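In this text, all values refer to a predicted model and were calculated from it rather than measured experimentally. All values below were derived from every heavy atom in this structure, side-chain atoms included, with hydrogens, water molecules and symmetry-related copies excluded.
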Amino acid sequence: MKVKMISRNPDNYVRETKLQQHKLPRNYDPALHPLEGPREYVRALNATKLDRVFAKPFVCNLSGHRDGVSCFGKHPKLLSTLATGAYDGEVRIWDLANRTSIRNFVAHDGFVRGIAYAGNGDRLLTVGDDKTIKMWSSQAPEPGEEEEPINTILSRHILHGISHNRRENSFATCGEVCAIWDDQHNDPIKTLKWGVDTLHTISYNPVETTVLACCASDRSIILYDQREAQPLRKVVLTMKSNKLAWNPMEAFNFTVANEDCNLYTFDTRQLQTPLKIHFDHVSAVTDVDYAPTGQEFVSSSYDKTVRIYHAHQSHSRDIYHTKRMQHVVCVAWSLDNRYIFSGSDEMNVRMWKANASEKLGIIRPRERANFNYQEALKEKYAAHPQIKRIARHRQVPRHVLNAQRKMRAVKDKELLKEANVRRHSKKGKVPYVSEKQKHVLRQDV
């Protein structure tokens, strides 16, 4: 005879300690939850609304510079250390945890054009309008001692930027030529040139550390390999590029900030057309920097705004602005992927949250689980019209809104004119040109 018995394991419902939550049994049979879809939709809608309610991205303002902020330098080892350079030649080292300036010294006569930390973080390199490259110790001098550089190198050419190799003790500068330097010598170990007047920004690839790229005054982007004697290739755009940033996770992709209000992401293996064009700015884009995850990047512009983009999407996911912030010259993304720094003409360095609605401070495990659940719901229902509308809506300054309307009207008129010309021309005489091909003039190898 078969006897059915009810057996219970205390491990399934008894707490081990009084501090734990009570274990609740759940039956995941979908037949027992007929309203699961509508219930999840309402939760996703509420989570999206709360996301916009708690969206307060501004963290703090770091004041102390006496002129506009021109460049940033991120410490590779210390998350709480940031170096900034100004138009008056002053360099300041900030303690971001305490939001104070811990060091300041006049490094150059004129603008500070670039700041870069060595790979191990023990030295700080700066370049300026006085044609000098100066190496500074990362440690502050003893009380009573004056701030003096470890080494000063006088260059033969004007210097506009600097980038340090992530793994080796070498760095590169740009100006009239691209020069590769070694820490042990006061002369460049290699000079690379491709018939342009000025190179105004330079950046080492963080993954393939022998590859570097420059933006030139003839509207071109030039790729170099420091193992080669000549530059690799050059692509010419319709307008000048101001800054360049490599994707830290995809070694062959980089993004440039352009004067035509757009950003362009290129694949070094296919430079004929950009992978993606990133729109939404209404004035020249001045700087760009990638998140350490490689999935997003931040850009700054002369339209007094900071925008955050997904690396593979054309339009920004967020826009940051304040009433007092003027032309944003430089921008940086912190190495812990939580904060964004912006420097602008009115002498202030601002600190923002990378995720506008993120809660700062200690988060309990149940809170973290609830936030993860809300993120999953928002992702599941992201395509729903009402949720999409709430998630995308942003308040922008009036001058940005008016400029967007003007740019949209101009673009619509150009498309209408092109369609009319094509309609009244012989078939095939007016070819269709994709948006990506319009912005690249030629590629030289």
Side-chain angles (χ1 to χ4, degrees), residues 64-76 81-94 101 103-141 145-166 168-193 196-204 212 214-217 224 226 242-244 287 329-330 332 343 347:
H65 279 294
R66 291 182 289 273
D67 208 338
V69 183
S70 60
C71 55
F72 285 151
K74 294 185 289 187
H75 198 290
T81 301
L82 179 73
T84 60
Y87 294 157
D88 59 356
E90 184 188 38
V91 173
R92 280 185 179 267
I93 313 296
W94 301 90
S101 172
R103 287 173 68 189
N104 66 292
F105 49 89
V106 177
H108 298 278
D109 295 332
F111 284 22
V112 179
R113 291 294 182 179
I115 298 178
Y117 273 97
N120 54 8
D122 62 342
R123 290 185 311 281
L124 176 70
L125 293 93
T126 61
V127 296
D129 282 348
D130 53 3
K131 292 187 179 182
T132 59
I133 306 169
K134 294 187 179 181
M135 296 184 188
W136 309 82
S137 173
S138 293
Q139 301 297 324
E145 293 184 6
E146 292 187 2
E147 193 84 53
E148 293 292 338
I150 300 173
N151 188 18
T152 301
I153 303 172
L154 183 61
S155 172
R156 294 187 179 91
H157 307 287
I158 293 290
L159 300 172
H160 285 286
I162 186 170
S163 180
H164 202 284
N165 194 307
R166 191 171 182 176
E168 301 174 4
N169 289 328
S170 62
F171 59 93
T173 60
C174 65
E176 296 176 20
V177 295
C178 173
I180 311 296
W181 305 76
D182 193 345
D183 288 353
Q184 309 300 325
H185 302 88
N186 284 350
D187 289 320
I189 57 178
K190 184 175 289 188
T191 301
L192 301 168
K193 191 172 183 180
V196 294
D197 295 334
T198 306
L199 304 170
H200 50 263
T201 184
I202 190 167
S203 179
Y204 263 107
L212 60 157
C214 289
C215 296
S217 59
Y224 301 95
Q226 68 179 23
N242 291 321
K243 280 287 183 177
L244 183 144
D287 201 358
V329 180
C330 50
M347 306 175 283

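The backbone N or O of Gly85 lies less than 3.5 Å from a partner atom in the side chain of Ser70, making a donor-acceptor pair. Side chain of Lys134 to main chain of Ala107: a donor-acceptor pair is present (N/O by atom type, distance under 3.5 Å, no hydrogens or angles). Within the 3.5 Å criterion, the main-chain N or O of Tyr87 finds no donor-acceptor partner in the side chain of Asp67. Judged by distance alone, the side chain of Arg92 and the main-chain N or O of Gly64 form a donor-acceptor pair under 3.5 Å. The closest donor-acceptor contact from the side chain of Thr198 to the backbone of Ser217 lies at 3.5 Å or more, if one exists at all.
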Apply the test side chain to side chain contact (heavy atoms under 4.5 Å, CB included) to residues Cys178 and Leu212: give CA-CA distance (whole Å), side-chain angles for both, the deciding distance (0.1 Å), then the verdict.
CA-CA 10 Å; Cys178 173; Leu212 60 157; 3.9 Å; yes
Which is it for Ile202 and Tyr224 under the side chain to side chain contact (heavy atoms under 4.5 Å, CB included) test, yes or no, and what are the steps along the way?
CA-CA 10 Å; Ile202 190 167; Tyr224 301 95; 5.9 Å; no
From CA spacing to verdict: side chain to side chain contact (heavy atoms under 4.5 Å, CB included), Leu199, His160:
CA-CA 7 Å; Leu199 304 170; His160 285 286; over 6 Å; no
Given side chain to side chain contact (heavy atoms under 4.5 Å, CB included), test Ile115 with Leu124 step by step and report yes or no.
CA-CA 7 Å; Ile115 298 178; Leu124 176 70; 3.3 Å; yes
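You'll find the side chain of Asp129 stays beyond 4.5 Å of the side chain of His108, heavy atoms only. At least one side-chain heavy atom of Ile133 sits less than 4.5 Å from a side-chain heavy atom of Phe171.
To the nearest 0.5 Å, atom OG of residue Ser137 and atom CD of residue Glu147 are 8.0 Å apart. The CZ atom of Arg66 sits 7.0 Å away from the CG atom of Asn104 when rounded to the nearest 0.5 Å. Here CG of Asp183 is found 4.5 Å from CE of Met135. Values are rounded to the nearest 0.5 Å. Separating the OG1 atom in Thr152 from the CH2 atom in Trp136 is a distance of 7.0 Å, to the nearest 0.5 Å. Interatomic distance, His200 NE2 to Leu159 CG, rounded to the nearest 0.5 Å: 15.0 Å. Atom-to-atom distance recorded for Cys71:SG and Lys243:NZ is 7.5 Å, nearest 0.5 angstrom.
Residues Asn186 and Asn151 have side chains that bring a donor and an acceptor to within less than 3.5 angstrom of each other. Donor-acceptor pairing under 3.5 Å is recorded for the side chains of His65 and Thr84.
With sequence neighbours excluded, the residues forming a ring-ring contact (aromatic ring centres under 6.0 Å, His included) with His75 are Tyr117, listed by chain and number.
Residues Tyr204 and Gln226 approach most closely at OH-OE1, 2.6 Å, considering heavy atoms. Nearest heavy-atom pair across His185 and Ile153 is O-CD1, 4.1 Å. When all heavy atoms of Ala332 and Lys74 are compared, the closest pair comes out as CB-CD, 4.2 Å. Shortest non-hydrogen contact noted between Ala140 and Arg103 is CB-CD, 3.5 Å. Contact record, Ile93 with Ala83: CD1-CB, 3.6 Å, taken as the closest heavy-atom pair. Shortest non-hydrogen contact noted between Val69 and Val329 is O-CB, 3.6 Å.
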